[in-house]
Every structure is written in structure tokens, then in C-alpha cells.
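Reviewing the structure listed below.
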Amino acid sequence: MPSVAISTSQVRALLLSENRQTNVTTPMGNMMLEIQGDLEIPETSHADDRFSSHEGVDIVKFGLLHVNMETKSATLFIGKKQRLLGSVVKLDTPLGLLKFNHKSGTVEMQDIFSYKVIFKNRPLPIM
Amino acid sequence: MSTNLYSRLSCDPSYKLVQLTPELLEALTSDEPQLQFKCFDEKRSDVVLCSARRTWLLRQKNHSNTVMLMREFLPEDEQTQEDSSLFGIPRPINDLLGYSRTTYEYETRATEGRINLDLVPIYNGEVNFPGESKLKGRTLKDVFDNSPSSETECKVRWYQLGGCVVNGCPCILSPDMLSNALHVTLMSALAESLDFDRLHPCETYEVVQKDVEKGRSPYVLEVVRTVLAKFGTPNDDETWKLNRRQVAQWYGVRALQKFASRHSVPLEEFLIKWKSTFPPFAGFDIDIKMLRGWFCEPTRGTVQYVSKDTLPVDVKDRFKMLFKLQSQWDLEAFAPFIEDLNTKGLKIDTFIMKYARKRRIGKKIVVCSR
Amino acid sequence: KNFRIWVRYKEGFSDAVRKNVSWHDLWS
């Protein structure tokens, strides 16, 4: 019968220390971004200074995020043309982040999200 | 606060999100062993999540938004940003890299853990047990580890099923073995005036050994332990309180099987026969209502055994069969025959009304076919 | 430049579909 234990020592320590997320990023440095739509970014690198690499992996700079933690409002600039208005919301049910390691066949719960930044409105042009 | 957002061109698909309900958060912070994903088999069964004490069915909730998981990082080539590219917002103070995207979350729904009885042999008192059983060499812990269930639920369910460990081999006591063991245990306990509210396995085993024939007795300590655990509730001090109703029910079902299988019998006659199956002076109360779910009344005032093995799995067929056995049922007598089919957890009379008709006769509600 | 970085907006949001998870799904 297949089974796998979930390694939870990391989040257990977090929960017991009562070091909870109160900002857009978790104490472990993760953030959840949600957009009501499809975020289209290239699948391959191009000769443009938005493309670079990190730890051997190709990455692209796709946007700029501004958050006002007092008002819990957020603005997301996508590329050079789109501006989205959104907010920081507290999740009704926190979400555990599970990492499945296919090589070792192990599972680890690495973090807990209590907040997300969500953009539900139609993108506006950048004036 | 402003942040530069980056994304990997190819996201890492090995991350998933699971909803952490209050029960799960409690399991995470307890001292008990870890959470596990378990599944009966790789191809067909559903994955469950188990803590030490509880089991949840895993459900995938898809959604139509883009959810990107991001983490703080240091870009390898810092670039100075011109003010015009900041669109009037403050200069970014950090950088986030999107490493994964998800289109679903896992929800958890509380469910009953199940024991995997594959390869667990039936024990009927055989001398050379377990013989060449495929489970030889495996322990009860192995059976529990291989079950999509929490350990606590396994332990409770194991004894409910008549689970036992004989000669080191996990097994299930056959109905005959269980009946005989219960009968011998009750007789021996009565003879020695043991307190039925405080039965200790070892003490009970000792009195059973006094009453069985010399030579090899199949009623080893573990069998007695299973009898007490199946028909009792635990006290604080390793003793068991006999559940008299459950014992009476067990005898009642066996009596139905023995006396009312082929033909119906008058109720009064059945009650006398049922009472006669108990050990003398046992003093167990009986009531035909205890056996609801095991019998029908083909004609007024008679009872006949209904084997659960003969009940159709299809809901319409089952209703049809039950109304063929008995044209009209009290709601309380009917419900036990169909509640396992109510998989959506509707109120039982709401569920029944989907396939039958309900009528009120005086204070009673009766159910009949449409 | 022949690439685009863009949000294709969706009018509504749906999350009603739920299904059980197989071992294969868990590891896919």
C-alpha cells in the first residue's frame, strides 16, 4: 500500500514559535500572488534585459508590485502596458505549502500561507 | 512597499497547496507522530491524509485563477531602474521570484479510516494456525501501517471486526469462533462471579481456562482480549465494561440466522428462542428493536432473518427488494437497511423519499414503495 | 521584440469542481 510521511518539522517550529505571517511575505520569505486571468510570460529566453538567470535557471522580470499595508491595497504593473488594482487578503483557511521530491519519494511541508495578494479587476492601461 | 517580480520561465510543478483546517493545525502542533498520505492502491483508490488519530479524504479543488508562489531572492545581475520605469511608485526594496504555479488546492474532508484486511486470515480455532498464511511474519503494526487509516481508528476498528493475534499472526476470528469464545467467556465469568463492569483480560482468561477441557484450548489470552474489546468499553484501569446490549444483539443476530433464516417465525416464539441461547442466569435484556437491520416482518407478528450479503448494491434494486420482503416498514426499522447507500450524507428521511413514499399512520411514519 | 508579458483577464472565477485524488495525481 503506497504511503508517504509528510515532514513537518519546519512548519511545526513555525507554529510553536507563534511566528505567524502578518505581511505579504511569510516569515520564511514566501508570497502568494493570485490573478483572475492568465499570466502570459515567454517560455524561452530573449535578448532583452528583462531576461536573466538565477542558479542556472532562466528567469524574466515581469512586473512591479506595490503594497500599502495600512490600507491593504496593492497595485501590480505587468510589463510596460498593464496596471492591476488589488488587495492583500487574509485567507479563511491557511494553506500549507507541500514540496514533493520525486527523486527521494519524500514530501515536506515547507511553509504556511495566511495571506495572499489578489488581483480580481480588469487590467487598466498604464498612463 | 515596492517589489520587483520575476518568474522562472519554466515553473517547478512539485509544489502543492493543502488547506490547513483547525483539526490539521492541531495535528501539526501535537506531539503525536507525523501526518501521512496513504492509499489502498496506486491505481484505483483515493488518497487519504492520516494523523495519529484521524483520517481525512483528500479532495482536489480546481480553480480558474493564476496562483503564483514566489520567494525572496537576490538577482544575480543588479540593474539600476530608471524612475520612469517605476510608474510613480517608490523604488523597490526587494525582489521576488515566482517558482511555481498552481491551479488547485487540496481540501480535506473527515472520513472513516478503513483497515486493509487483504491477506489477513480467518481464525476458526485451527491447531496449526497460521500454517502457511501469507501474513506469517507480519505484525499487527504492519497491518495498521498498510491501512488507509489513523492508528487510533485502526485499533478500535480492529477489535470491532473481531481482530486478534494468534501465535503471533494477525487474524480475524470467524463468527463461529467469536460466538463460542463469547459464550465460554460469559459462562466462566458467571461461574466465578466476576464483575461484568470490570473484566480484566488476564483474570478472565484464567477463569476460562478452568472451564475448558484439558489439552489445547483455542481460547488463548489474545482471543479473550478480543472478546472483551469487541463486546466491551475500556475502563481507565485496563479492565473492560461489558456492553450488555451489544452482547444481546450478537446473540440475537445469531438466533435469527439459526431459527428464522429459511422461514419466518412468530415473534413471541423467536424471543423465547433468542433468550434460550444465552448462558443460564446471564440476565441480558432483549428487545426485537435491537435487531433492526437484520430482520423483516413478512407478515404481521412474524420475523425473518435478512442477510446483509443478499442486499443489492444498487439503491433502486435494494429498495425494490426490501419492499418485496415487506410491503410497509416503520421508518426506524427501514433506515438501517439503506443508510450505507446514503453516501452524500443527506438526512435519512430525505434520502429515503428519493426512492420511496412516506405515510403517517397515527404517530408513526411508515415507508412504502412509490 | 517578439515576446509578450501580459495578463489575459478572465471575467469570472470558478472553483466548484472537486475530485478525489489518486496516488498518481498526488505525484504528478
Side-chain angles (χ1 to χ4, degrees), chain A residues 1-8 11-12 15-16 24-25 28-39 41-45 49 52-54 57-69 75-77 80 83 93-102 107 109 112-113 116 118 126, chain B residues 1-10 14-21 24-25 28-29 33-42 47 49-50 64-77 79 85-87 89-90 92 94-98 101 105-107 116 145-148:
Chain A
M1 189 198 77
S3 69
V4 63
I6 303 170
S7 171
T8 54
V11 294
R12 212 175 114 82
L15 288 167
L16 291 174
V24 289
T25 47
M28 304 286 294
N30 284 303
M31 190 191 87
M32 183 181 293
L33 174 71
E34 185 168 341
I35 298 171
Q36 187 171 306
D38 294 322
L39 174 61
I41 54 175
E43 289 176 9
T44 52
S45 203
D49 55 12
S52 59
S53 73
H54 177 71
V57 171
D58 290 335
I59 64 174
V60 63
K61 185 175 171 192
F62 71 88
L64 203 54
L65 174 70
H66 177 68
V67 170
N68 183 327
M69 279 312 289
T75 309
L76 175 61
F77 296 91
K80 295 179 180 179
R83 177 169 58 105
T93 308
L95 290 171
L97 175 66
L98 294 171
K99 164 80 176 156
F100 285 75
N101 186 320
H102 290 73
V107 180
M109 191 177 294
I112 297 176
F113 292 102
K116 65 182 177 185
I118 180 165
I126 295 174
Chain B
M1 183 200 91
S2 300
T3 310
N4 287 314
L5 300 185
Y6 294 74
S7 173
R8 287 173 50 144
L9 297 194
S10 66
S14 62
Y15 290 90
K16 294 174 197 267
L17 297 169
V18 61
Q19 290 186 358
L20 297 178
T21 56
L24 272 176
L25 284 171
L28 278 170
T29 51
Q34 283 176 340
L35 294 169
Q36 299 187 68
F37 286 122
K38 287 179 152 190
C39 190
F40 250 127
D41 70 69
E42 279 194 29
V47 174
L49 178 60
C50 299
S64 54
N65 283 358
T66 293
V67 169
M68 182 177 274
L69 306 178
M70 313 187 79
R71 71 165 72 95
E72 286 173 328
F73 84 118
L74 281 175
E76 284 167 15
D77 45 358
Q79 289 171 355
S85 67
L86 294 176
F87 310 116
I89 62 169
N94 63 346
D95 304 271
L96 287 169
L97 173 62
R101 295 200 201 189
E105 294 169 4
Y106 285 145
E107 290 183 333
N116 182 356
D145 285 347
N146 272 295
S147 296

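The sequence lines fix the lettering, A, B, ..., with proteins before strands; numbering per chain opens at 1. Small disclaimer: the values here were computed from a predicted structure and weren't measured.
Your options are B/Leu96, B/Val67, B/Asp145, and the one with the most heavy-atom pairs under 4.5 Å with chain A is B/Val67. Contacts with chain B were tallied for A/Thr25, A/Val67, A/Leu16; A/Val67 has the most, counting heavy-atom pairs under 4.5 Å. Per-residue counts of heavy-atom pairs under 4.5 Å with chain B were compared for A/Asp58, A/Leu15, A/Val60; the largest is that of A/Val60. Per-residue counts of heavy-atom pairs under 4.5 Å with chain B were compared for A/Thr8, A/Leu97, A/Val11; the largest is that of A/Leu97. Interface check for chain A: of the options B/Glu42, B/Gln36, B/Met70, B/Lys38, the most heavy-atom pairs under 4.5 Å are formed by B/Met70.
Here the CG atom belonging to B/Leu17 is positioned 12.5 Å from the OG1 atom belonging to A/Thr93, to the nearest 0.5 angstrom. Note that CE of A/Met31 and CE of B/Met68 are 9.0 Å apart. Values are rounded to the nearest 0.5 Å. Separation of atoms OG (B/Ser14) and CG (A/Leu98) is listed at 10.5 Å; rounding is to 0.5 Å. Atom CG of A/Leu33 is separated from atom CG of B/Leu5 by 6.5 Å, given to the nearest 0.5 angstrom. Taking CE of A/Met109 as the start and NZ of B/Lys16 as the end, the distance is 14.0 Å to the nearest 0.5 Å. Atoms CZ and CG, from A/Phe62 and B/Leu9 in turn, are 11.5 Å apart once rounded to the nearest 0.5 Å.
Contact of A/Pro42 with chain B is made through the backbone alone, with heavy-atom distances under 4.5 Å. Of the atoms belonging to B/Asp41, it is backbone heavy atoms, and not side-chain ones, that fall under 4.5 Å from chain A. Looking at A/Phe77, the atoms closer than 4.5 Å to chain B (heavy atoms on both sides) all sit in the side chain, from C-beta outward. At a 4.5 Å heavy-atom cutoff, the contact between A/Val57 and chain B is made by side-chain atoms alone. The contact between B/Glu105 and chain A is made entirely by side chain atoms (from C-beta outward), counting heavy-atom distances below 4.5 Å. Only the backbone of A/Thr44 has a heavy atom closer than 4.5 Å to any heavy atom of chain B.
Side chains of A/Leu64 and B/Thr3 form no contact here, defined as non-hydrogen atoms less than 4.5 Å apart. In this structure the side chain of B/Glu76 reaches within 4.5 angstrom of the side chain of A/Ser53, judged on heavy atoms.
Looking at every heavy atom in both residues, A/His66 comes nearest to B/Pro90 through CE1-CD, 3.5 Å. A/Ile41 approaches B/Ser7 most closely through the heavy-atom pair CD1-OG, 3.3 Å. The minimum heavy-atom distance linking B/Phe40 with A/Met1 is given by the pair O-CG, 3.5 Å.
The backbone N or O of A/Gly29 lies less than 3.5 Å from no partner atom in the side chain of B/Arg71, so there is not a single donor-acceptor pair. Proximity of a side-chain donor or acceptor of B/Arg8 to a complementary backbone N or O of A/His54 within less than 3.5 Å is not detected.
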Quick one, B/Ile89 with A/Leu65, criterion side chain to side chain contact (heavy atoms under 4.5 Å, CB included). Give me CA distance, side-chain angles, the key distance, then yes/no. CA-CA 9 Å; B/Ile89 62 169; A/Leu65 174 70; over 6 Å; no

Notebook entry, point to check: Can you check side chain to side chain donor-acceptor pair (under 3.5 Å) on A/Gln36 and B/Asn65, steps first, answer last?
Noted result: CA-CA 5 Å; A/Gln36 187 171 306; B/Asn65 283 358; 4.9 Å; no

A/Leu95/B/Val18 under side chain to side chain contact (heavy atoms under 4.5 Å, CB included): CA gap, chis, key distance, verdict: CA-CA 5 Å; A/Leu95 290 171; B/Val18 61; over 6 Å; no

Self-check item: Audit row: A/Ile6, B/Phe37, side chain to side chain contact (heavy atoms under 4.5 Å, CB included) steps and yes/no
Solution: CA-CA 7 Å; A/Ile6 303 170; B/Phe37 286 122; 3.5 Å; yes

A/Ile59 vs B/Leu97, test: side chain to side chain contact (heavy atoms under 4.5 Å, CB included). Steps then yes/no.
CA-CA 8 Å; A/Ile59 64 174; B/Leu97 173 62; 3.7 Å; yes

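Annotation: salt bridge (Lys or Arg N to Asp or Glu O under 4.0 Å) contacts of B/Glu107 (sequence neighbours excluded): C/Arg18.
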